[in-house]
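Data block below; observations after.
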Number of protein chains: 2
Amino acid sequence: MLIIYVVGLGGIKVEKEISQAVIRRMPRYYRYLGELLDEGVERISSNELSSRMNVTASQIRQDLNNFGGFGQQGYGYNVKFLHDEIGKILGLNQRHNIIVVGAGNLGQALANYVKFEKLGFVIIALFDVNPALKGKTVRGIEIHMIDEMEDFLKTHDVDIAALTMPKQKADAVAKKLVDSGVHAIWNFAHVDLELTDKDVVVENVHLSDSLMQLSYNIVKNQSAKEK
Amino acid sequence: MLIIYVVGLGGIKVEKEISQAVIRRMPRYYRYLGELLDEGVERISSNELSSRMNVTASQIRQDLNNFGGFGQQGYGYNVKFLHDEIGKILGLNQRHNIIVVGAGNLGQALANYVKFEKLGFVIIALFDVNPALKGKTVRGIEIHMIDEMEDFLKTHDVDIAALTMPKQKADAVAKKLVDSGVHAIWNFAHVDLELTDKDVVVENVHLSDSLMQLSYNIVKNQSAKEK
DNA sequence: TAGATTGTTAATCGATTAACAATC
DNA sequence: TAGATTGTTAATCGATTAACAATC
C-alpha cells in the first residue's frame with residue numbers, strides 16, 4: 001500500500017524510495033490536519049495549508065504525491081480523508097507495542113506520556129537492572145528486571161524497544177533485543193548503535209545534540225548582534 | 001569568531017550563512033572526537049574518521065572548512081585541537097543557564113540528567129503550576145511556582161528555557177519568556193511556537209514525530225518483506 | 001625530497017520551487 | 001461552463017561527492 005512502484009527501464013517494477021526529508025515532514029502534516037479537523041474544517045487547499053504551515057504549496061503537493069493523489073482539482077484536499085491517509089502511511093492504524101529498557105527518569109517519563117497511546121503506541125513493560133525498582137509500576141505498567149527480558153520477548157509481541165539506559169550498555173542491550181526479534185529501536189542513548197542486521201530500523205533521539213544545535217544558534221545570534 | 005566573512009561583489013563583507021544540515025552534523029563530530037580523545041588517539045585523517053563515522057571524507061573536510069582550516073596537509077587533524085574548536089563553535093566554552101518550565105516527568109528527567117552540565121548547560125530552576133510541587137527539589141534544583149518566573153528572570157541570567165509543559169500552555173509561556181529576555185527555547189511541547197521576535201532561537205524536540213518516523217520505517221520494512 | 005592529506009574547486013546528485021496542463 | 005486547484009513536469013537551488021592542486 002505504502003510503496004509506490006514505478007516502471008523501470010526494462011518494464012520491471014522498481015521500488016521508488018521516499019526520501020527521509022519527506023518522511024520527516026509527514027508527522028507535521030498529520031498534526032496540522034488534526035488541528036484543522038478539531039476546528040471543523042472540512043477541506044483545505046495546498047495553498048491555504050502552506051500559509052498555515054509556512055512551507056510552499058508546491059512542497060506540500062510534491063510530498064503528498066509521493067504516496068498517491070489524495071486531492072481533487074478545483075476542490076483541494078478533504079481534511080478528514082487526508083488525515084486518515086497520512087495516519088496510515090505513518091502506521092498509526094496499527095497498534096505498536098513498546099518496551100522501555102532503562103526505567104530511570106527518562107524511561108518513566110516516556111511511560112507516563114499518555115499521548116503516545118492515542119497514536120497507537122502502547123508501552124507494555126519497562127526493564128531495569130536496579131533491584132529496588134523490581135515490581136514497581138509506572139501508570140500501571142510494571143518494571144521488570146532486565147534478565148527477564150528475553151523470556152518476556154518470547155511471550156509478548158513487541159515492536160519497538162526504547163533505549164533509555166546509559167550509553168555504555170546500549171550496544172549490548174540492542175544486540176540482545178535484535179536477537180530476540182525486536183525490529184525497531186528508539187534510541188535515546190548517546191551512541192550510534194552498531195547493528196549488523198540491516199532490517200532493524202533505528203530512530204535516534206540525541207538530546208544533547210539537540211541542545212548543542214540550540215547553543216550554536218545562540219552563539220551565532222550573539223555574534224550577529226555584536227557586529 | 002564563529003562567522004566567516006566572504007568578500008561580496010562590491011568588496012563589502014557579506015556573512016556566509018552555514019546551513020543547518022552542517023550544524024546538525026557538528027555535535028556528532030564532537031562526540032566521535034571525544035571518544036578518540038578518550039582512546040588516546042592524537043591525530044586523525046578525514047579518511048580514517050570517515051570510515052569510523054560512516055560519512056564521506058569529503059563531507060568531513062567540507063563541513064569543517066566552513067569554520068576554518070583546522071587540519072594540516074600530510075598530517076590530518078589533531079584530535080584534541082579539533083575537539084576543542086568544535087566545542088567553541090557549538091558554544092560549549094561558555095556556561096548556559098537553563099530553566100525548565102513544566103516539572104512533570106520529562107522536566108524532572110531533564111533536571112536529573114547530569115550529562116548536560118558537563119557540556120556547560122546548567123539547569124538552575126524548574127517551574128510548575130502544581131502547588132504540590134512548590135519548594136520541592138530535583139537533584140538539588142528547586143521547583144518554583146510559575147507566577148514567580150518573571151521575578152526570577154529579572155534576578156537571574158537565563159539563556160535557555162526548556163518547555164516541558166502541555167502544548168496548550170506553551171505559546172503563552174513562550175511569549176512571557178521572550179518578553180522577559182529569554183532568547184532561546186528548547187521546545188518539547190508538540191506545537192510550533194508562534195513567536196514574533198525573530199532573534200529568538202527555537203529548537204524543537206517532538207518525540208511523537210520521532211516515534212511516527214520510526215513507525216513509518218517499520219511499516220515500510222514490513223511491506224518490503226511481504227513482497 | 002617524497003608521500004600524505006588537506007583545502008578548495010568542479011561535477012554530480014537530490015531536493016525544492018515554479019510553472020502549467022489536466023481535470024474536477 | 002468557468003474557476004479553482006491539483007498532479008506533474010521542468011527549472012532552480014543547494015548539498016554532497018569527486019578530483020586535484022597546494023602544501024605540510
Side-chain angles (χ1 to χ4, degrees), chain A residues 4-7 14-26 28-29 32-33 36 41-83 85-86 89 213 216, chain B residues 4-7 14-26 28-29 32-33 36 41-83 85-86 89 213 216:
Chain A
I4 312 298
Y5 289 92
V6 292
V7 178
V14 171
E15 201 174 301
K16 193 178 125 211
E17 189 66 41
I18 290 156
S19 81
Q20 289 295 316
V22 174
I23 306 309
R24 260 198 303 278
R25 288 192 289 267
M26 298 308 285
R28 190 156 176 266
Y29 293 135
Y32 274 82
L33 288 161
L36 286 164
V41 177
E42 210 166 84
R43 69 184 189 86
I44 193 154
S45 68
S46 56
N47 210 31
E48 288 174 87
L49 190 57
S50 87
S51 57
R52 275 200 178 232
M53 293 187 64
N54 263 327
V55 294
T56 63
S58 204
Q59 180 161 79
I60 292 173
R61 295 202 300 275
Q62 286 277 25
D63 282 352
L64 296 179
N65 273 86
N66 280 300
F67 303 99
F70 301 128
Q72 202 163 77
Q73 283 97 330
Y75 171 87
Y77 299 87
N78 179 284
V79 174
K80 171 101 179 64
F81 175 73
L82 185 56
H83 184 258
E85 288 301 313
I86 296 179
I89 290 166
Q213 270 180 69
Y216 169 83
Chain B
I4 312 297
Y5 289 93
V6 292
V7 177
V14 170
E15 200 174 301
K16 192 177 127 212
E17 191 67 39
I18 291 157
S19 82
Q20 290 294 317
V22 174
I23 306 309
R24 260 197 303 279
R25 289 193 289 267
M26 299 307 286
R28 191 156 177 267
Y29 293 136
Y32 273 82
L33 289 161
L36 286 165
V41 177
E42 209 166 84
R43 69 182 189 87
I44 194 155
S45 68
S46 56
N47 210 31
E48 288 175 87
L49 191 57
S50 87
S51 56
R52 274 200 179 234
M53 293 186 64
N54 263 328
V55 294
T56 63
S58 204
Q59 180 162 77
I60 292 173
R61 294 202 300 274
Q62 286 277 25
D63 283 351
L64 297 179
N65 273 86
N66 280 300
F67 303 99
F70 300 128
Q72 202 163 74
Q73 285 96 331
Y75 171 87
Y77 299 89
N78 178 284
V79 173
K80 171 102 180 64
F81 175 74
L82 185 57
H83 184 258
E85 289 300 312
I86 295 179
I89 289 166
Q213 270 179 70
Y216 168 84

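Below, chain A is the first sequence line, B the second, and so on; all start at residue 1. Just the heavy atoms: all of them, side chains too, but no hydrogens, waters or symmetry mates, feed the values below.
In this structure, the side chain of A:E48 engages the main chain of A:S45 through a donor-acceptor pair within 3.5 Å. Looking at A:N66, its side chain does come within 3.5 Å of a backbone N or O of A:Q62 through a donor-acceptor pair. Without hydrogens or angle criteria, A:R24 side chain to A:S19 main chain gives no donor-acceptor distance under 3.5 Å.
Note that B:R43 lies outside the cation-pi zone of B:Y77, set by a 6.0 Å cut-off to the ring centre and a 45° limit from the axis.
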- prompt: So what does the secondary structure string of DNA chain D come out as, 5' to 3', with Watson-Crick or wobble pairs under 3.5 angstrom, [ ] for crossing and | for pairs with another strand?
  reply: ..||||||||||||||||||||||

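In the region residues 41-48 of chain B, proximity to DNA chain C at under 4.0 angstrom, judged on heavy atoms, holds for B:S45, B:S46. Against DNA chain C, the stretch residues 49-59 of chain A makes heavy-atom approaches under 4.0 Å through A:T56, A:S58, A:Q59.
A:F67 has its side chain within reach of A:M26: a pair of non-hydrogen atoms, C-beta onward, lies under 4.5 Å apart. At a threshold of 4.5 Å between non-hydrogen side-chain atoms, the residues B:N47 and B:S50 count as touching. Taking the side chain as every heavy atom from C-beta outward, A:L49 and A:V55 never approach each other to under 4.5 Å. Within the 4.5 Å cutoff, the side chain of B:L82 has no heavy atoms near those of the B:I44 side chain.
For A:R25, the side chain to side chain donor-acceptor pair (under 3.5 Å) partners are A:D63, not counting sequence neighbours.
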Grab the N/O contacts between the protein and nucleotides 20-23 of chain D below 3.5 Å, and write none if there aren't any.
{"unit_1": "D:dT23", "atom_1": "O4'", "unit_2": "B:Q73", "atom_2": "NE2", "d": "3.4"}

Using a cut-off of under 3.5 Å, enumerate the N/O to N/O pairs linking the protein to nucleotides 12-14 of chain C.
none

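The distance from atom CG of B:L64 to atom P of C:dT8 is 12 Å, rounded to the nearest whole Å.
Of the side-chain N and O atoms in B:Y77, none sit less than 4.0 angstrom from OP1 or OP2 of C:dA4.
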